[in-house]
Amino acid sequence: MSNHYDHRAIETRWQAAWREQDLFRARNPGTPGFDPKVKKYYALDMFPYPSGSGLHVGHAVGYIGSDVVTRQKRMQGYNVLHPMGWDAFGLPAEQYAIQTGRHPRQTTAENTANFKRQLERIGLSFDWSREIDTSDVRTYRWTQWIFARLFDLGLAYQAEAAVWWCEELKTVLANEEVINGRSERGNHLCVRRPLKQWMLRITAYAERLLDDLDDLDWPEPIKLQQREWIGRSEGAEIHFPLENSAHKITVFTTRPDTLFGATFLVLAPEHPLVAELCPPSHTAAVQTYVQESARKSELERTDLAKAKTGVFTGAYAVHPAFEAGDPRRKIPIWIADYVLAQYGFGAVMAVPGQDQRDYDFARTYGLPIVRTVEPPGDFSGEAYAGAGRMIHSAWLDGLDTEAAKRKTIDWLIATQAGCARVTYKLRDWLFSRQRYWGEPFPLLHLEDGSVVRVPDSDLPVTLPDMQDFRPAPDGSSPLARAKDWLQARDPKRGRPARRDTDTMPGWAGSCWYWLRFMDPSNEREPFSAEAERYWGPVDLYVGGAAHAVMHLLYARFWHKVLFDLGLVHTKEPFARLFNQGLITAHAYQDASGRLVPSDEVVAHAQGFQRRSDGAPLEQIVTKMAKSLKNVVNPDQIIDEHGADTLRVYEMFMGPLADSKPWNTRDLAGSQRFLERVWRMFVDEASPNPLRPGLRVDQQSATLEGPSLELEKALQRALQRVDDSFKALNFNTAIAALMGFVNEVTKREGALTRSQAERFLLALAPIAPHVCEELWQRLGNQGSICLAPWPKVDARYLIDDEVELAVQVNGRVRARVKVAREATGVEVEQAALQAAGTWAEGKIVVRTVVVPGKLVNLIVQ
RNA sequence: GGGGAAGUGGCGAAACCGGCAGACGCAUCGGACUUAAAAUCCGAAGGGUGAACAACCCGUGCGGGUUCAAGUCCCGCCUUCCCCA
C-alpha cells in the first residue's frame with residue numbers, strides 16, 4: 001500500500017463505506033434502532049433549486065457548515081436528522097426547459113442527479129433515504145392537501161391583482177422577470193394589468209408573525225427585516241364623503257392629529273372609485289395618467305427622489321372637521337401614483353405641512369399648504385414631520401402630538417367619521433401563476449361561477465404531461481390547453497366542472513418541506529403526528545440571507561396555520577436560524593468594461609493583464625455567476641485537491657456568516673495542513689501504516705516535559721474548537737488545530753497516542769475522510785463519525801505564570817512575568833521595575849491592573 | 001427610494017465583557033536539505049525615520065467625542081455588497 005496522502009483513494013473508500021453502513025440514517029420513533037433516551041437534533045439546509053449549471057463552491061459553503069455541526073452532534077451522541085431534497089418546481093426550471101426544448105421533468109431529473117452526485121462527493125452526511133422532490137407527485141399531493149386546508153379556512157381567495165404583462169412576448173411575467181419596467185428577456189416594455197389571481201390571506205397572521213419573532217434564536221438583522229416587512233403602524237381611518245355622491249373615500253393615516261392640515265386627497269390610480277367620481281370634463285386626462293402609471297414599478301412610483309406626478313379628478317370631497325360654509329370644507333381629489341393601491345385603503349389625506357411627499361406634490365400643483373404642528377425654532381426644512389404643539393387646528397390647538405392623536409380619534413368615533421386603526425405594510429400573497437411547471441390547484445370551477453375544492457380522497461390533481469407548455473398569447477395559463485385534463489365533475493352532484501388552470505408559485509413547496517423530511521414516505525398523510533412531535537422544531541436552519549424575508553415569512557405563515565389546525569406542536573418552525581455569507585469571486589474587466597474570463601487573466605506585481613494581449617484589467621469583487629465568467633466548480637477542486645481540502649478551505653476562509661472572496665491560490669494552505677496532519681501519523685518513508693510511537697500509548701500516568709506542553713496546547717485548541725463550533729466560525733477552530741500541529745512539529749516524539757486521537761476526533765467533522773482513514777490505521781473499531789467527542793480538561797488551561805504588558809500612560813513599554821496568584825501590590829511593584837526609565841522619577845498617580853492581561857501606570 | 005450587512009497588512013482573516021492590533025493561513029523574501037529542481041523543514045516580514053535584530057513615531061474607511069485605555073462604545077459622514085411580494 002502506498003503510504004502518502006492519497007485523497008482520491010481515501011475519499012472514495014470512506015464515502016462508499018459510510019453508504020454501505022448506512023451511517024447517517026436518522027431513526028424515527030417506532031423504527032428499529034430507535035432509542036427514546038437519545039436526544040434529537042434537526043439540522044436543515046435550505047434545499048436548492050437544481051439548476052442546469054450545477055453546484056458551485058458558493059452553494060457548498062452553507063452545506064459544509066451545517067454538515068460540520070451535524071457531524072459534531074452525532075459524535076456528541078444525538079439522533080441527528082440531516083436531510084436534503086430539491087425545490088424543483090418554478091420558473092427557472094420552466095425557462096430552462098423552454099430554451100432547451102426539453103420537458104422540465106426530464107431536465108429536472110438530470111439536474112437533481114448531478115446535484116446529488118456533487119453533494120455526495122463533498123462528503124456531506126445527508127440521510128439520502130429521506131430525499132424529496134417538490135415536483136414529484138408523491139410530495140406535491142400533500143402541498144395540495146395543505147392548500148386545501150387553507151382554502152377551507154377561507155385563507156385563499158380570488159381577487160383582481162396587478163400582474164406584469166409584456167405585449168411583445170404576449171405573456172404574464174413574474175416580478176423577478178421584470179427589471180425597471182422591461183422584460184428581463186428581450187428588454188421589452190411591460191405594463192401592469194389586473195388579472196384574477198389566487199391570494200393567500202397572510203395579513204390575517206400579521207400580528208402573530210410579528211409577535212412570535214421575539215422568542216426566536218435568529219440573527220437580529222433578519223428579525224428586523226421581517227418586522228420592517230410586516231410594517232405595523234398605528235393610526236386611524238378617516239372617512240371623507242364625496243361632494244356630489246353617496247360614496248365616501250376612506251383613508252388611513254398614522255397622523256390623525258394633522259387632520260386640520262389636510263388640504264386635498266390623493267387616490268392611487270387603481271382606486272376603485274376613480275372612474276366613477278371623475279366628471280366627463282376630466283375623464284380623458286385621468287385615463288391617460290392611469291395608463292402611464294401602469295407601466296411603472298412600485299420602486300419607481302415611490303422613489304422619493306423623483307418628481308411626483310398626478311392629475312386632478314375634477315371631483316371634491318368634504319372635510320369632516322370643518323363647518324358648513326367654511327371654504328376649507330371643500331377639498332380637491334387628485335390621483336397620483338406615489339400612492340399605492342395595496343397599502344392602507346389606496347388613498348391618503350394629503351397634509352403638505354407635515355409630510356414631504358405631500359409638500360412636494362402641493363408645490364408642484366399649487367395646492368394649499370397649512371402647517372398644523374409647530375416646528376422647533378431652528379427648523380429650516382419644508383414639511384415638518386416631527387412632533388410638537390398643535391396650531392391652526394381649532395379644538396386641538398396647544399396639545400402635544402400624542403394627546404392630539406388621542407383626541408382626534410375620540411372625535412372621529414363620536415362623529416362616526418372614522419376610528420382607530422392598525423395597518424400593515426404586509427400585503428396578501430399573490431399565490432397563482434399562469435405557468436405550467438408548478439403544483440396545480442386542487443380546485444374546480446362550476447358553471448354557476450362557484451369554486452369548490454377537490455376532496456382529499458381525489459388528490460392528487462396530477463400535472464398533465466404537455467409537450468407545449470409555453471405561456472399562451474392571451475395571458476391564460478398553459479394548463480387551459482390541456483383539454484382532457486381540464487374536464488372534471490363536481491364531486492358532490494356530478495355537474496360538469498372545469499379545473500383551475502393556474503399553478504402555485506415556486507415558494508409553495510418550500511413552505512412545509514421540513515415537515516415532509518420528518519416522515520418522507522408517508523402515503524396516508526403529509527407527515528405523522530408522532531414524527532412531528534419527535535423531530536420538530538428544526539434546531540438549526542442554515543441558508544442564505546437572501547431568503548431573510550419572503551421564504552421565511554411564507555414558511556412561518558403556513559406553519560402557524562398548521563399549528564392552529566393542531567397538525568404541528570410548535571408555533572414556529574425554525575428555532576435557530578443561521579445565514580451563511582456569500583462566496584464572492586474576483587471578476588476582471590478591460591478598459592471598455594468587458595468581462596474577461598478568470599482563466600485568461602495573469603497577475604503581476606502592478607496589477608492584472610489579459611494573457612493574450614497584455615491589456616490592463618481591473619479586478620472587481622462580485623458574486624459567482626456564469627455571466628461573470630468566474631464560477632468555480634467543486635468537482636474540479638475535489639479532483640485536484642480532495643474533498644477534505646475543499647471543506648477545510650471553505651471553513652477556513654472566514655466566519656461562516658461573512659461574505660468573502662474565493663481565491664483558488666489559498667487552497668494550498670489547507671491542503672498542506674492536511675498533509676502535515678497525515679505525516680503526524682504516518683511516516684511516508686516507511687511501509688508501516690502508522691508511526692510506531694502511536695501504536696500503543698506508552699505514556700506513563702503523569703505527563704511531563706514536551707508531552708505535558710503538548711497536552712496544554714491540545715487542551716487550549718480543543719477549547720477553541722468548542723467555542724468556534726458554537727458560533728459557527730470554524731476558521732478559528734482550524735487555526736487552533738493548525739497551531740497544535742505546529743507545536744507537535746517542534747517536539748518530535750513527544751506526541752502521545754491519546755493526544756493524537758483526540759486531535760483527530762476534533763478535526764473529524766471538518767475533514768472526515770482523512771480522519772476516518774487515520775482513525776482506522778490507529779486500529780479503532782467502528783467509524784470515527786460515531787466516536788465520542790473529546791472533552792476539555794480545564795486543569796490544563798491554567799498556567800502558573802502569566803505575562804503582563806506594562807503600559808505607562810496607555811502605551812506598552814515593557815512586559816513582565818508574574819505568578820498567577822500575584823496580588824495587586826506585587827504586580828504593581830513588578831511593573832514599576834519593568835517600566836524602568838519610563839516611570840523613574842515620576843509620580844504614579846494611578847495604577848490600573850487587568851488580571852492576566854496588563855498593568856497601566858499613570859504617571860506625572 | 002426603503003430595508004439589511006460590511007470596511008483591519010500585498011491577500012483571506014484574528015482580537016470573548018473596552019485591556020499588548022495583525023493569531024492562523026496565502027503570496028513574497030532569506031536559509032537548510034539536494035548534482036539540480038520540486039517537495040519538506042527553519043527563519044523574516046504593518047508603515048515610517050535609522051547602519052541597526054537600538055530607539056522612537058504613525059497606524060483598524062473619514063471627522064469628532066467618551067475613557068487610565070477604543071478595531072470594539074457614542075455622534076456625524078464616505079464607500080462597497082445583499083434584498084425588495
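Every chain is numbered from 1 and lettered A, B, ... according to where its sequence line falls, protein lines coming before strand lines. Keep in mind that this is a model prediction, so the values were computed, not measured.
Screening A:F557, A:Y554, A:Y49 against A:W507 for a ring pair (Phe, Tyr, Trp, His ring centres under 6.0 Å) leaves a single residue, A:Y554.
Following rounding to the nearest Å, A:I583 (CD1) and B:rC82 (P) show an atom-to-atom distance of 14 Å. Separating the CE atom of A:M550 from the C1' atom of B:rC84 is a distance of 7 Å, rounded to the nearest angstrom. Atom-to-atom, CG of A:L340 to C1' of B:rG1 comes out at 12 Å; the value is rounded to the nearest Å. If you take CD of A:Q807 and C1' of B:rA69, they are 6 Å apart, rounded to a whole angstrom. Atoms CG (A:L91) and C1' (B:rA85) sit 14 Å apart, rounded to a whole Å. The CG-P distance, from A:L674 to B:rG25, rounds to 13 Å in whole Å. The nearest whole Å value for the distance from the CZ atom in A:R813 to the C1' atom in B:rA55 is 11 Å. Regarding A:R427, its CZ atom lies at a distance of 12 Å from the C1' atom of B:rG2, rounded to whole Å.
Comparing A:A736 and A:I858 against RNA chain B, the residue whose closest nucleotide sits nearer the 5' end is A:A736.
Residue A:V850 is in base contact, counting any heavy-atom pair closer than 4.0 Å across all strands shown. Across all strands shown, A:W229 has heavy atoms under 4.0 Å from base atoms, whether or not it also approaches the sugar-phosphate. Residue contacts for A:K425: at a heavy-atom cut-off of 4.0 Å it reaches a base atom on one of the strands shown.
Residue A:L426 holds its CG atom at 10.0 Å from CG of A:L210, rounded to the nearest 0.5 Å.
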- Task: For each nucleotide in nucleotides 3-16 of chain B, reading 5' to 3', give B when a protein heavy atom comes within less than 4.0 Å of its base, S when such contact involves only the sugar-phosphate, and - otherwise.
- Result: SSS----B-BSS--
- Annotated protein contacts, base or backbone, on nucleotides 29-46 of chain B with a non-hydrogen cut-off under 4.0 Å, one of B, S, - each: -----------SSS----
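The minimum heavy-atom distance between A:P655 and A:K660, with the atom names listed, is O-NZ, 2.8 Å. The two residues A:A268 and A:V339 have their closest heavy-atom pair at CB-O, 3.3 Å. Counting all heavy atoms, side chain and backbone alike, A:D502 lies closest to A:F441 at O-CD1, 3.3 Å. What you find for A:S724 and A:A733 is that their closest heavy atoms are OG-CB, 2.9 Å. In terms of heavy-atom proximity, A:V855 sits nearest to A:L804 at CG2-CD1, 3.7 Å.
Atom P of B:rA70 sits at a distance of 13 Å from the matching atom of B:rG65, rounded to the whole Å. Nucleotides B:rG10 and B:rA6 have their P atoms positioned 23 Å apart, rounded to a whole Å. Annotation: B:rC26 and B:rG22 have their C1' atoms spaced 15 Å apart (nearest Å). Across the C1' atoms, B:rC77 and B:rA27 are found 35 Å apart, a figure rounded to whole Å. Straight-line distance between the C1' atoms of B:rG71 and B:rG7: roughly 11 Å, to the nearest whole Å. Nucleotides B:rU8 and B:rG2 have their C1' atoms positioned 30 Å apart, rounded to a whole Å.
Classified by its glycosidic torsion, B:rG31 falls in the anti category, the angle being over 90° from 0. For B:rC17, the base is syn relative to its sugar; the glycosidic angle is within 90° of 0.
Base pairing annotation: B:rU28 forms a Watson-Crick or G-U wobble pair with B:rA44, both donor-acceptor distances under 3.5 Å.
Checked against a 6.0 Å centroid threshold, the rings of A:F730 and A:F725 count as neighbours. In this structure, A:F361 has its ring center closer than 6.0 angstrom to the ring center of A:Y338. Less than 6.0 angstrom separates the ring centroid of A:Y649 from the ring centroid of A:W662.
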